[in-house]
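The first residue of the sequence shown is numbered 1, and numbering continues consecutively from there. Since this is a predicted model, take the numbers as computed values, not measurements.
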Amino acid sequence: MIGSEFYGTKRPFPSLKTLKFKEMLAWKEWSLYVCGREEDIPFSCLQHLVIRGCPVLTGILPCQLDHLIKLRIHSCLHLNSSTSVVRLPSLYELHIENCNKEILKSLVNLTSLTILKIEGLAELVCFDSGFMSHLVKLKELHIARCDKLTYLLQDGDGTQNLTCLQKLAIEGCPQFTSFVAGEGEIELLSNLERMKLMSCPSLERLPSKMHALGHLSIKNCPKIMGLTFPSDDPNTKVTMSQLEHLYIKDYDFRISFPFAKFGLVALKMLIVEDCKGVELLEEITIVESLKSLNIRRCMNLGSLPHSLHMLAHLTHLEIINCPALEIEDFPPLPLTLSSLLLKWCPKIKSIANCNIADCNNLTKLEICACSALEMEDFPPLPVNLSELILYFCPKIKSLPKEWHHLTCLQRLQISRCENIECFPEGGLPPNLQWFIIRDCENMKRPMSVREWGLPMLTSLTYLVIDGRSMGGERDKVQFPSGDEDEKEENAWSLLFPSSLTSLSIYGMENVERLSNGLQNYLSSLESLFIIDWPKLRDLPEDGLPPFLQQLGIEGCENMKDRCSKLTGDYWPLIQEIPELWIWG
């Protein structure tokens, strides 16, 4: 029990602002303070109260907490089982989790409440209209894991004062069927801006006339799909004229998108994930306002719309892990496109004849794990491209010609494209800042100042490269090998730009020694990773770069002992580096 010994004699805790009770497993009673004078009210300045993990606590809270702003009650199944009430006129945020539903009846006149979170009230079927009618300032309502929740309200009268409600989230309520009981039209939540519905498999209807709704997220609510989105019927009862973001996830039944111009005229972003029922997307092209289209893990999607180019405002197109998407030749793209991502789509065969060169706004192109994609001649790319990533595309045989004219290109990755043999003539794009070239097994052209011109890339700061891309360098005993007439210290300048801050080199099979000059020429280097150099024995005799923050040595068996803490002869050289990874 908490009683008089806790309160003291008079004016208990007059300055206290935060009070938390946690994991008091034997606490049964909170005895209220009896005072004769108004100025002796306890907790007169209390703003934040937490009661958590007090499973046998019964009774009620102190009845006068006029300044309380935030209240959280967690795992107190018997609290507020009496008929007394608690008035909290200043309460801003209320979070009740794993408690008895009766606790809501004791909290009255919450006229300042702005955020309400209800979780794990197992017996809650619907909210009392009287409780909801006082929430005149409520902006956010979150409900989760209420297994018996069937409706929000018995009728729509309780929502008439919810004019401030902007965000609503209902998650993990398996019996939640409708926002209001009965078969009548659901006209409520007229000012709602964001709604998230997740794992409510019994939900059949959305509220109507949600004119202010801008963001709608639906996950694993199969019964509402196809029933409530605007259709070609101009008399449709569900209107979402301000909807800009629509997210649909986990729907296994056949789904179509009967959008119409009058229905979703403001839609800008559509994300469809893990929907086995999505087979076609032709109806999407009616939504002229669409700016971002994201299709992910839709296992039965078979084609893209031929009229894709009609989406005249589309800037982002992302298609990821759609194994049934079979495209002989990619359809024409919207000229407004700024980013195109194609990943894990093994049946896309070609993009060679699409109009990608005409997409002058395109800044990012990423193609990953499209194993059937064939390109004898890579199509020209727009000059404004700033990022190009090609990863695990074994049938691509060439790269864009004259890509040294891509002066805006800053990030370039070519990895696991085993049939690419060489880079285009004319050198690399001149303003690269970030460059990865790995696992291109048939790359035959050696890396040198004459062939690739890496040292001339004065903006390059991040480089990942492997031995296959470096011609004969990986077969030499010393790296870099340099020219016979050059000093050893100058060898680094023949291969790399001095601007590098991060350098990773993989798979130098026969190299035993790193050349001198690394310390001075790459003096800005902060990260150095040396991986899979099985014969490496020696680091540069003149030391490592002075500002090195990370050093990783992996797959270099001979270096493991030499870099061992305290006992290795290289330990004095590397011990001041903040982050070290040394693996054999």
Side-chain angles (χ1 to χ4, degrees), residues 1-121 127-128 130-142 161-162 164-165:
M1 186 183 76
I2 284 180
S4 57
E5 80 291 343
F6 181 70
Y7 294 116
T9 55
K10 61 181 180 180
R11 291 202 70 200
F13 302 103
S15 301
L16 191 68
K17 292 185 177 181
T18 300
L19 175 59
K20 299 182 181 182
F21 300 101
K22 294 186 179 182
E23 310 301 330
M24 297 174 64
L25 304 182
W27 185 22
K28 292 183 179 182
E29 182 182 351
W30 188 348
S31 179
L32 301 183
Y33 180 77
V34 180
C35 58
R37 299 181 305 169
E38 183 176 348
E39 57 267 25
D40 289 339
I41 294 174
F43 312 116
S44 56
C45 291
L46 193 65
Q47 296 180 2
H48 185 191
L49 174 61
V50 175
I51 305 174
R52 179 186 179 97
C54 303
V56 296
L57 178 63
T58 60
I60 61 172
L61 302 175
C63 57
Q64 282 187 279
L65 295 172
D66 291 348
H67 297 283
L68 194 68
I69 295 174
K70 187 174 182 179
L71 172 62
R72 176 162 187 168
I73 303 174
H74 187 304
S75 301
C76 301
L77 291 176
H78 300 288
L79 186 62
N80 287 100
S81 56
S82 69
T83 58
S84 301
V85 297
V86 179
R87 302 182 187 277
L88 304 170
S90 301
L91 194 66
Y92 178 88
E93 181 175 346
L94 173 62
H95 188 176
I96 298 177
E97 183 174 355
N98 296 340
C99 293
N100 192 306
K101 68 172 184 175
E102 300 300 322
I103 195 171
L104 296 176
K105 294 181 179 180
S106 65
L107 304 174
V108 299
N109 296 334
L110 303 178
T111 53
S112 297
L113 193 66
T114 303
I115 300 172
L116 175 59
K117 298 181 180 180
I118 303 292
E119 297 185 51
L121 269 62
F127 287 95
D128 180 74
F131 173 79
M132 297 294 282
S133 65
H134 290 95
L135 306 183
V136 293
K137 291 186 179 180
L138 192 67
K139 291 184 177 180
E140 298 183 23
L141 175 58
H142 304 261
N161 292 322
L162 295 177
C164 293
L165 191 64

Q. Are there more than 12 heavy atoms of other residues, nucleotides or ligands under 6.0 Å from atom OH of Tyr92?
A.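 Open: at most 12 neighbouring heavy atoms sit under 6.0 Å from OH of Tyr92.
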Q: Write out all pairs satisfying salt bridge (Lys or Arg N to Asp or Glu O under 4.0 Å) with one or both partners inside residues 14-26, taking only residues at least two apart or from two chains.
A: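 For residues 14-26: none.
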What heavy-atom pair brings [X] and [Y] nearest, and what distance separates the two atoms?
{"X": "Phe127", "Y": "Met132", "answer": "CB-CG, 3.7 Å"}
{"X": "Leu107", "Y": "Leu110", "answer": "CB-CD1, 4.2 Å"}
{"X": "Leu113", "Y": "Ile115", "answer": "CD1-O, 3.7 Å"}
{"X": "Asn109", "Y": "Arg87", "answer": "ND2-NH1, 2.6 Å"}

Pairs under 3.5 angstrom only: tabulate donor-acceptor contacts from the side chains of residues 66-73 to other protein residues two or more places apart or in another chain.
unit_1	atom_1	unit_2	atom_2	d
Arg72	NH2	Glu97	OE1	3.3

Using 0.5 Å steps for rounding, measure from the [atom1] atom of [X] to the [atom2] atom of [Y].
{"X": "Cys45", "Y": "Leu16", "atom1": "SG", "atom2": "CG", "value": "9.0 Å"}
{"X": "Ser31", "Y": "Phe6", "atom1": "OG", "atom2": "CZ", "value": "11.5 Å"}
{"X": "Leu121", "Y": "Leu77", "atom1": "CG", "atom2": "CG", "value": "9.5 Å"}
{"X": "Ile103", "Y": "Ile118", "atom1": "CD1", "atom2": "CD1", "value": "8.5 Å"}
{"X": "Glu140", "Y": "Thr114", "atom1": "CD", "atom2": "OG1", "value": "8.5 Å"}
{"X": "Glu119", "Y": "His142", "atom1": "CD", "atom2": "NE2", "value": "9.5 Å"}

Q | Residues forming a side chain to side chain contact (heavy atoms under 4.5 Å, CB included) with Ser75, sequence neighbours excluded | A | Asn98
**Q.** Heavy-atom check, side chain of Asp128 versus side chain of Lys105, under 4.5 Å
**A.** no
Q.
Parallel, tilted or perpendicular: which one describes the rings of Phe21 and Trp30, with boundaries at 30° and 60°?
A.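 Phe21 vs Trp30 ring planes: perpendicular.
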Q. Are the side chain of Ser112 and the backbone of Leu91 linked by a donor-acceptor contact shorter than 3.5 Å?
A.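 Judged by distance alone, no pair lies under 3.5 Å.
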